[in-house]
A.B. asks: 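Take this structure first; my questions come after.
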Number of protein chains: 2
Amino acid sequence: MESLTPENMKSLMNVSLGTVKADLVIRGGDLVNVYSGELLKGFSVAIKGKRIAYVGPDANHTIGLETKVLDASGSVLVPGFIDGHAHMINYASPNEFLRYAIKGGTTTIVTEIMELAFTSGYEGLVDWLDKVREQPIKIFSTVPPCITFSRAAREKTPTLEQLMELLKREEVLGVGEGFWQEVLRGKTKYPALAAEALKLRKSVEGHAAGCRSERLVAYAGFGVSSCHESVSAEEVVEKLRLGIWVMIREGSIRRELDAVSKIKNINLDFRRMTLVSDGVNPRDLVKNGYMETVVQRAIDVGFDPILAIQMVTLNVAEHFGLDAILGGIAPGRYADIVIIPDLQTIKAQCVLSNGQIIVQDGGLRVEPNVVPLTVQGPEEIRVNPSDFVIKANGNGPLKVRVIEQLTGLVTREVFCDLSPDHGELTVDLENDLLKVAFIVGQEKIFTGLISGHGLKTGAIATSGVWEASGTVVVGADEGDMAKAVNRVYEMGGGIVLYANGRIQAEIELSIGGIMSSLAIETVAQELANLQEKAETLGFRFSDAPLTLATLTTPAIPFLRLSEAGLVDVRNGDVVEFIVS
Amino acid sequence: MESLTPENMKSLMNVSLGTVKADLVIRGGDLVNVYSGELLKGFSVAIKGKRIAYVGPDANHTIGLETKVLDASGSVLVPGFIDGHAHMINYASPNEFLRYAIKGGTTTIVTEIMELAFTSGYEGLVDWLDKVREQPIKIFSTVPPCITFSRAAREKTPTLEQLMELLKREEVLGVGEGFWQEVLRGKTKYPALAAEALKLRKSVEGHAAGCRSERLVAYAGFGVSSCHESVSAEEVVEKLRLGIWVMIREGSIRRELDAVSKIKNINLDFRRMTLVSDGVNPRDLVKNGYMETVVQRAIDVGFDPILAIQMVTLNVAEHFGLDAILGGIAPGRYADIVIIPDLQTIKAQCVLSNGQIIVQDGGLRVEPNVVPLTVQGPEEIRVNPSDFVIKANGNGPLKVRVIEQLTGLVTREVFCDLSPDHGELTVDLENDLLKVAFIVGQEKIFTGLISGHGLKTGAIATSGVWEASGTVVVGADEGDMAKAVNRVYEMGGGIVLYANGRIQAEIELSIGGIMSSLAIETVAQELANLQEKAETLGFRFSDAPLTLATLTTPAIPFLRLSEAGLVDVRNGDVVEFIVS
């Protein structure tokens, strides 16, 4: 993914002038011109090496005896899709993820990689950056500001100097999402990283969930140039007006296209609006595909198809300052092109990346080949049921702070009056009160109470947690909790549902405790299996591993977990579990 | 013009949140939001230091006892105007130029500086860059690819390594215009500079006058991201489709808004369309002003006012990758704001730059203060009438290549059958055949013939020539030519009209032979005087110094001058003057 060299320039010139012949010519298709916003009838594209040499109504002068000619008559050529806010680290290994991500026409991914910062530190980030560079499609990353509620995780993250160093790398496009509350609170590395990114003409990714008015303006003043957390057209408008690129999210975490789609009826300049996944899990990826689904959905909810395509091509490229090398079908750009049947049908008949046909007739023609990551899983520990005992004195009722799970992602704090039983606070299945624990080491375990999950028996544990490194477990029984957690560590990381005396379902996540070495289809199937079993046992949300994973994040309101106890997202403080 | 620092960020945050008060608040105006493309009624802007801290419907929480409040009720706030393709070096000295440029609301200038490369080399460029940095408005430059037909000028220009070094400077935004014919010919420094600029995420300015189809595509393949030479809507469309930013020119060289204005009726994405001056001379600047006139003109020819404003603000900022720091009224950006009476009337009531009120009630409140440039004028030489003798043997007619001046800028080659008179080719006033010479040193003089200028007597000489360093003289008489040229050198550079035994008009250009140490009003008046006198003597074009200046440029077709003889712009070759 280098920029143009003088040699490239001359070679492309010679092809355009017809004095040297193209390697590949796509002929006869209609072309979506994302710069002018037009559908141009009957355009041809000539490619030399990895790049586009010529675009125009007639490329015959670039065709020689050795030129491969692809007939695209009756089809439409669009630039390869870009996911401007991805979480590639989403249970599947990079190769497995790419096998499915590539198929639908995504040719560039900009991914967050904070997951590796918390679990594997500087070495983990470098390992990733070194190994995902040379793939059939382009993978860029952002340097994480490493905002976490977990002290253990914080200690693993790189120093500011190390992050600054990573920021200079060509495949790093800027600073990753910095959650607005923590940024405004003023104790993160984000401002220093943002300042450095701006100096390097790179971007500063934001995360302004629920942030409005003065606070949003204050947040924008940190140089924040994107947010992928808008849930209404009003929020979209407010951010666009502040010069922020609005990334409409449609992925496994949330799907917001429908809710914000009325924006299309407002007469606004949409150059700063993009579509992103914010992460797609193996189940969704295998079943539905990747960015092509998002574009299709945008068209289905009524966005003009050319705008929908601009939102995953030029608009994203401009946001990241990549538009000189990709994001449109124009001379000098990488030949990243998707051929689709028509403007209403985002189904890749053929995908070119770097001038190479990587997908044809729905099948991969070039396999991703990421060298296996060498990041370590969590250090093995063994826990006992007694580790999840909550000691409490007295006979009378105590005022206890409980996490109430409102949706699969959002929690709030509630206060319950609970009476200790033999010096312990226990689960109360009738009132849907379960134990929840976060384990970062043999001696670093916090156990609290959670309501709303609905589990009637057993326990679910996962090492794939957000903005932390460790294992979250929710359970109806301390013995099952210990069994689940120990199995997670036995596998070197994973997700386990343990109930009724046996493992009901498990997914190995032995790569850093967050990615699996298994085939993505297996991971997807096991995740579905675990979810089904969890629901049989009473679990009430649609994605159990996600609900558990987010219990440690500073990104979503309101009450979260750390090894030091409960944390209030509104102020970042550890708050008392037993209040009085 | 630094990017945001962590200290800035915190300070802006505090103002937006109301915990620290703003330095200045503009209250009650309507605001042109260039990001969303809206006119927002009743918006306020709070400024801290040089930057915008808060924008919103109500800034009362940012106002303290020390806050200066500017009432803008009934007026409209727009971002400061940017000239994305300027030639600041246009007879007036930087200070004199700025005095007028600032008044109308221009707060950022991106200027070519090749003029200094040819006359003063590396030291001239460094002198400029060092001295124009800290002005009331922002001045950025581009590094010239130094394309010239003059060997003497080429020898003065910096080495590739020196130009690469300059490219790294913060106030340098990319590579300056590289004339397409010369670039495609493959012998310039442009590809190497362009590649380096792209690597630095900087821009590559183009110059594609008359370039269409395959050749335009080939040129774009050099990473060229702008062109300011479109003369029709068709050309605009063709370039936009190639991802090129189209800079519509409206300045002293040419005015193209009218000719391309029908573009506004086509349903296109205009994010890559901008308005530029390409240079405004002292006469126009003093009389009509600067970018405000261009915006007004765009509105007058029917462009939507918000689009017209986007074309001199956000669109230009995005082109140069400056949009994180300027180009819109948004948090974190420099407070560069123009207050105008209404959307149809581009007349600055007040101009803020870097948070400072620099213009109020039409008057400058802050003077530019560029330290005088130290670039040297041309080395003094003295020429004699005999230097302009064209020796030719034989009695019969010779086929001679003559420059025919078609317009004030465009020439073509014509062949005349001329008979030597006593071994010389002479002027032929009845047939409007004058002598034209280019002098770069005592021994380096080429004298040829030119038609179309119309001068009946006398001579005009100028050291302010394009893409070269030396003096061009056109005359009806060798004696007058020598007088005019010698006076130019006596002044250390200048423009002189000599006729009827005396200097009819002169403008001193003692700064590098290209800029005057005089007040801009004087320069403007003397230029007008010279033009009037020249016309009295028969000169047929509207800007004599410009017509002479462009006789050395590789940028405009078809036949030009160098000290080695006539040059054919189509192939860059020196061609025979006396053909046979």
Side-chain angles (χ1 to χ4, degrees), chain A residues 2-6 8-10 12-14 16-18 33-38 40 51 53-56 61 184 186 191-192 194-195 198-202 213-215 217-223 225 237 240-243 267-269 271-272 310 318 321 323-325 328 330-333, chain B residues 2-6 8-10 12-14 16-18 33-38 40 51 53-56 61 184 186 191-192 194-195 198-201 204 213-215 217-223 225 237 240-243 267-269 271-272 310 318 321 323-325 328 330-333:
Chain A
E2 307 88 36
S3 50
L4 281 166
T5 65
N8 293 150
M9 295 170 181
K10 279 171 210 161
L12 299 178
M13 171 183 82
N14 288 333
S16 183
L17 298 178
N33 190 303
V34 290
Y35 305 104
S36 63
E38 298 167 292
L40 300 172
R51 290 182 163 83
Y54 176 80
V55 190
H61 65 291
L184 293 196
L198 292 170
K199 212 187 278 180
L200 295 168
R201 299 173 151 249
K202 298 193 171 186
S213 304
E214 292 82 359
R215 293 192 292 186
V217 177
Y219 184 54
F222 283 81
S225 63
V237 172
L240 288 179
R241 286 177 177 169
L242 292 172
N267 183 21
L268 289 178
D269 195 321
R271 71 176 89 177
R272 293 192 172 211
Q310 286 177 317
E318 287 186 343
D323 52 304
I325 64 168
R333 273 68 167 183
Chain B
E2 306 87 37
S3 50
L4 281 167
T5 66
N8 294 149
M9 296 170 181
K10 279 170 209 159
L12 299 178
M13 172 183 81
N14 289 333
S16 182
L17 298 178
N33 190 305
V34 290
Y35 306 105
S36 63
E38 298 168 291
L40 300 172
R51 290 183 163 82
Y54 175 80
V55 190
H61 66 291
L184 293 197
L198 292 170
K199 213 187 275 180
L200 295 167
R201 297 173 151 250
V204 179
S213 305
E214 291 84 357
R215 293 192 292 186
V217 178
Y219 183 54
F222 283 80
S225 63
V237 172
L240 287 179
R241 285 177 178 169
L242 293 172
N267 182 22
L268 290 178
D269 195 321
R271 72 176 88 177
R272 294 194 171 208
Q310 286 177 318
E318 287 186 345
D323 52 304
I325 64 168
R333 274 68 168 184

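In this text, all values refer to a predicted model and were calculated from it rather than measured experimentally. Per chain, numbering begins at 1; letters A, B, ... match sequence-line order.
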A.B. asks: Non-hydrogen atoms of chain B under 4.5 Å away: do they reach the side chain of A/Arg272, the backbone, both or neither?
C.D. replies: side chain
A.B. asks: Applying side-chain contact (heavy atoms from CB on, under 4.5 Å), name anything that partners A/Glu38, two or more places apart in sequence or on another chain.
C.D. replies: A/Ser36, A/Leu40, B/Arg241, B/Leu268
A.B. asks: Counting only heavy atoms closer than 4.5 Å, note whether A/Ala324 contacts chain B via side chain, backbone, both or neither.
C.D. replies: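 Just its side chain gets close to chain B.
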A.B. asks: So do A/Asp323 and B/Glu318 actually touch side chain to side chain, heavy atoms under 4.5 Å?
C.D. replies: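 SC-SC contact between B/Glu318 and A/Asp323 ruled out.
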A.B. asks: Would you check, one step at a time, whether the test side chain to side chain contact (heavy atoms under 4.5 Å, CB included) holds for A/Arg271 with B/Asp269?
C.D. replies: CA-CA 9 Å; A/Arg271 71 176 89 177; B/Asp269 195 321; 5.8 Å; no
A.B. asks: Checking A/Tyr35 now: which residues fulfil side-chain hydrogen bond (donor to acceptor under 3.5 Å, both in side chains) with it, not counting sequence neighbours?
C.D. replies: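 A/Tyr35: side-chain hydrogen bond (donor to acceptor under 3.5 Å, both in side chains) contacts with A/Arg333.
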A.B. asks: Please lay out, stage by stage, how B/Glu214 and A/Met13 fare under the test side chain to side chain contact (heavy atoms under 4.5 Å, CB included).
C.D. replies: CA-CA 9 Å; B/Glu214 291 84 357; A/Met13 171 183 82; over 6 Å; no
A.B. asks: Check A/Ala195 against B/Thr5 and note the closest heavy-atom contact, atom names and distance.
C.D. replies: CB-CA, 4.1 Å
A.B. asks: If the threshold is 4.0 Å, N to carboxylate O, is there a salt bridge linking A/Lys199 and B/Glu2?
C.D. replies: no
A.B. asks: Do you know which of A/Gly332, A/Gly223, A/Ala330, A/Pro6 has the most heavy-atom pairs with chain B at a distance under 4.5 angstrom?
C.D. replies: A/Pro6
A.B. asks: For A/Ser225, is it the side chain, the backbone, both or neither that has a heavy atom under 4.5 Å from a heavy atom of chain B?
C.D. replies: neither
A.B. asks: What closest approach, in Å, do B/Leu4 and A/Gly221 show between heavy atoms, and which atom pair accounts for it?
C.D. replies: CD1-O, 3.5 Å
